[in-house]
There are 2 protein chains.
Amino acid sequence: MGSFENLEYNSLLLSFKDLLKNNNLKFTKQREVVLKTLYEKDGHFTPEDLHNLLKSIYSGLNIGIATVYRTLNLLEESHMATSLSFGVAGKKFELANKPHHDHMICKNCGKIIEFQNEKIEQLQLDIAKKNNFKITSHLMQLRGLCATCNTNN
Amino acid sequence: MGSFENLEYNSLLLSFKDLLKNNNLKFTKQREVVLKTLYEKDGHFTPEDLHNLLKSIYSGLNIGIATVYRTLNLLEESHMATSLSFGVAGKKFELANKPHHDHMICKNCGKIIEFQNEKIEQLQLDIAKKNNFKITSHLMQLRGLCATCNTNN
DNA sequence: TTACTTGCAAATGATTTGCACGTAT
DNA sequence: ATACGTGCAAATCATTTGCAAGTAA
């Protein structure tokens, strides 16, 4: 149960291979390109986005969307990826190789801005403690308009 | 575009009727019992939860789940209700008649604990300002184990 | 009377799953 | 050789929508 923060691709790949081995899962080309593309493109993708991207980058590899879902779920369960929920509109996944951060999401253009705030994190822990609640994860999203969309409206 | 904080049922009902009138919508028994039950039960409900509840409380009224969805969406768009997203597992709705608050959600028993923290709200505004981001809403959820579940595991 | 509403069932859209074939170990 | 993995298509699940009949104003 290690942390994947600040790992470069080769280390992530080794972690992934370990994870697979420890669970009697196999290292396949499909699983590899999902990890690799999430790392190289460094963004927030829906399974469909990523599937389209993979089909265009690896046109020789016939990868199905079910496999993309399966791999993203595997990465998320193993804490190598995290997801942002958009309700009915689905989820966006990102690799968990960066330090913990939260998100501002533009309702107009969909832009996602990452931020990180130590004071808020500490206040959350204080609140949890006061309620005898043991935090395992948290979710903080600010929704609204990014600088560009706010100006152009 | 008023606030619905701290309103008692009669005031909420008046606000709802105004809202309907202003949009050429009609005041129906179905819409009334959705609002009334959200108020009286004062909890967090999935559309399905609420539908079951309504069928048992108002057994004479034949209410369909589509109407429950339609009414909850109407209440949410009008800011008389808010929802918590549970990804693929759907949403839970609550009436917006209480001051703004966030939620701790127990992953084990599903219990939802409400909390409110002024300092965090202010820090969020500061962060947004620094990024020229205009917040229209925010989402903060702490996930983990409530006191009971943490003790019994 | 004139819209707007409703329940129903069918449609939708994201995600999951069964299965026969393919492949990493 | 023996699992496990894959693509495909069908299934699932929450939610939305078209429609004919009902009802508020």
Side-chain angles (χ1 to χ4, degrees), chain A residues 13-14 16-37 44-55 58-78 81-93 110, chain B residues 13-14 16-35 37 44-55 58-78 81 83-93 110:
Chain A
L13 187 57
L14 286 178
F16 192 32
K17 285 182 175 176
D18 270 359
L19 172 75
L20 293 171
K21 185 161 293 178
N22 295 336
N23 291 282
N24 297 313
L25 303 176
K26 290 168 182 169
F27 181 67
T28 64
K29 188 71 186 165
Q30 285 84 348
R31 286 176 173 158
E32 179 182 7
V33 299
V34 166
L35 181 73
K36 185 167 197 198
T37 303
H44 302 80
F45 302 100
T46 63
E48 196 187 355
D49 290 341
L50 188 57
H51 183 227
N52 289 332
L53 193 53
L54 292 172
K55 281 190 297 187
Y58 302 96
S59 50
L61 185 68
N62 185 17
I63 188 168
I65 195 159
T67 296
V68 175
Y69 273 99
R70 285 186 279 232
T71 306
L72 288 172
N73 288 340
L74 173 61
L75 289 170
E76 185 168 35
E77 285 160 18
S78 321
T82 56
S83 72
L84 295 180
S85 175
F86 289 81
V88 194
K91 286 179 172 184
K92 292 191 179 184
F93 290 81
Chain B
L13 187 57
L14 287 177
F16 192 33
K17 285 182 173 176
D18 271 357
L19 171 76
L20 293 172
K21 185 161 292 178
N22 294 337
N23 291 282
N24 297 311
L25 302 176
K26 290 168 180 170
F27 180 68
T28 63
K29 187 72 185 165
Q30 286 83 348
R31 286 175 173 158
E32 179 181 8
V33 298
V34 166
L35 181 74
T37 303
H44 302 80
F45 301 100
T46 64
E48 195 187 354
D49 289 342
L50 188 56
H51 183 229
N52 289 332
L53 194 53
L54 291 171
K55 281 189 298 187
Y58 301 97
S59 51
L61 186 68
N62 185 15
I63 188 167
I65 195 159
T67 296
V68 174
Y69 272 100
R70 285 186 280 233
T71 306
L72 288 172
N73 287 341
L74 172 62
L75 289 171
E76 184 167 36
E77 285 159 20
S78 320
S83 71
L84 296 180
S85 175
F86 289 80
V88 195
K91 286 179 172 184
K92 291 191 179 184
F93 290 81

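Treat the numbers as computed from the prediction; the structure is a model and nothing was measured. Each chain gets a letter, A, B and so on, in the order the sequences are listed, and its residues count up from 1.
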> Could you give the CD-to-P distance, from A/Gln30 to D/dT6, as a whole number of Å?
Replying inline: 5 Å

> Does any non-hydrogen side-chain atom of A/Thr46 lie less than 4.5 Å from one of A/Phe86?
Replying inline: no

>> If I compare all heavy atoms of B/Gly87 with all of A/Ser85, which pair ends up nearest, and what's the gap?
In response: CA-OG, 3.6 Å

> Once you round it to whole Å, what is the distance between P of C/dG7 and CZ of B/Arg31?
Replying inline: 11 Å

> Can you check whether B/Leu74 reaches B/Leu20 side chain to side chain, under 4.5 Å on heavy atoms?
Replying inline: yes

>> Rounded to whole Å, please give me the gap between CG in A/Leu20 and P in C/dA24.
In response: 13 Å

>> Quick one: does any side-chain atom of B/Gln30 pair with a main-chain N or O of B/Thr67 as donor and acceptor, under 3.5 Å?
In response: no

>> Test your reading of the model: is there a side-chain donor-acceptor pair from B/Arg31 to the backbone of B/Lys26, 3.5 Å cut-off?
In response: yes

>> Please report the distance, rounded to the nearest Å, between CZ in A/Phe16 and C1' in D/dG5.
In response: 12 Å

>> Has A/His51 got a side-chain atom pairing as donor or acceptor with A/Ile63's backbone, closer than 3.5 angstrom?
In response: yes

>> Distance check, rounded to the nearest 0.5 Å: B/Thr37 atom OG1 versus B/Phe45 atom CZ?
In response: 8.0 Å

> What does nucleotides 12-24 of chain D look like as a protein-contact string, B for base, S for sugar-phosphate only, - for none, at under 4.0 angstrom between heavy atoms?
Replying inline: --SBBBB-----B

> Whole Å only: how far is the CG atom of A/Leu61 from the P atom of D/dT6?
Replying inline: 10 Å

> Just how far, in rounded Å, is P of D/dC4 from CG of A/Asn23?
Replying inline: 11 Å

> In whole Å, what is the span from the CG atom of B/Leu54 to the C1' atom of C/dG7?
Replying inline: 14 Å

> Looking only at heavy atoms, which two atoms of B/Ser83 and B/Lys91 are closest? And how far apart?
Replying inline: OG-CD, 3.7 Å

> Do any side-chain nitrogens or oxygens of A/Asn24 fall under 4.0 Å of OP1 or OP2 in D/dT2?
Replying inline: no

>> Is there a side-chain contact between A/Thr71 and A/Phe93 in this structure, where contact means two heavy atoms from C-beta onward sitting under 4.5 Å apart?
In response: no

> How long is the line joining CG of A/Leu74 and C1' of C/dT16, in whole Å?
Replying inline: 15 Å

>> Need the bend value for the helix from C/dT1-D/dA25 to C/dT25-D/dA1: angle between end axes, 5 pairs each end, nearest 10°.
In response: 30°

